[in-house]
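Here the structure is a predicted model, which is why all the values come from computation and not from measurement. Each ligand, and each atom within it, is numbered from 1 in the order the structure gives.
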Amino acid sequence: MDNSLNFTVTILGNSAAIPTKTNHLSSQLLTYNGIGYLIDCGEGTQMQLVRYNIKFGIIKHVFISHLHGDHFFGLVGLISTFHLLGRDKPLNIYSPAPLKSIIDIQLNVTHTDLSYELIFHELQEDCLLKILETDNMQAYSFPLVHRVPTWGFKFIQRAKQKRIKKSFVEEYKPSVSNILKIKEGHDYEDTNGKIIPNSDITIPPPKPLSYAYCSDTKFDKSIIEYVKNSTLLYHEATFENSMQQRANDKFHSTARDAAVIAKEANVSQLLLGHFSARIKDLDKLKKEASEIFKPSFISEEGKDYKISH
Ligand SMILES: [Zn+2]
Ligand SMILES: [Zn+2]
């Protein structure tokens, strides 16, 4: 089965600031219904996409959290490769405002006249803000607390419609227009004028799945509200607990910080990432996070995480 039809996130890079022998710079690909949402694009992201056999064509939207090099230095390379491959579909980029001029100057000096359109969307509000809505997905940005303006992202499946109980359909044989009304939440009136409450004849839709991304940020309780009840939260854990002071000074988080946010936000699972090259034992981070929030996991590059209840 085509994995991109599921609601899945594939980690392409989870190293903080500099790459290591085994870990790449921040990037991940969220996919749903055959559409790819690239989140951050550190240097080498296009190589990772190639390595993991991800089709470039599925990427329609790119979200850049902030303008530290480890989160966007790979973008111009990816844009250029799309051009060389003759892409014709537009690419939407959601980013801090200055990114547009950075990309423009690189394209200008290389005399690159792109084969497709880049559509920039500036991140600028200091609150939870809807930045994208399609038939099956909504994306929101929200502020994080870092040394430069930084945003997190939350992706929520569009709610599916209610389903009508089979027994009701068999007994009453409602018309198509009545079926549509019932799915919208209306009660049903039978031929004798008897009202049947909507709740008696429908099955509620499954709770929409959601994915939240927080990298990079200092521990800050304001984040809890933004990521509340997410199915899966990816949160940076640049440092281990013994480096708490360093984390505070550098506007980053420890494994414990990430776990406290996950727990208080009542998310279902926590995925840790953005690891400092100084951390040699990632299991220690998992242990530290799990002491506070049990379903905490170390993100692994190349692994697909299916977002499900
Ligand atoms: Zn970073
Ligand atoms: Zn940063």
Is atom CG of D249 surrounded by more than 12 heavy atoms (other residues, nucleotides or ligands) closer than 6.0 Å? yes
Test I131 against H121 for side chain to side chain contact (heavy atoms under 4.5 Å, CB included), laying out the working first. CA-CA 8 Å; I131 53 175; H121 307 262; over 6 Å; no
When you look at T238 and H274, which way does the side chain to side chain donor-acceptor pair (under 3.5 Å) test go after all the steps? CA-CA 5 Å; T238 308; H274 198 266; 3.0 Å; yes
Are E133 and R158 within salt-bridge range, i.e. N to O under 4.0 Å? yes
Sort by chain and number the protein N/O/S atoms that are closer than 2.8 Å to the Zn ion (ligand 2), and list them. H66 NE2, H68 ND1, H146 NE2, D216 OD2
F251 ring centre to R147 NZ or CZ under 6.0 Å, with the angle to the axis within 45°? no
Under 6.0 Å between ring centres: does that hold for F155 and F63? yes
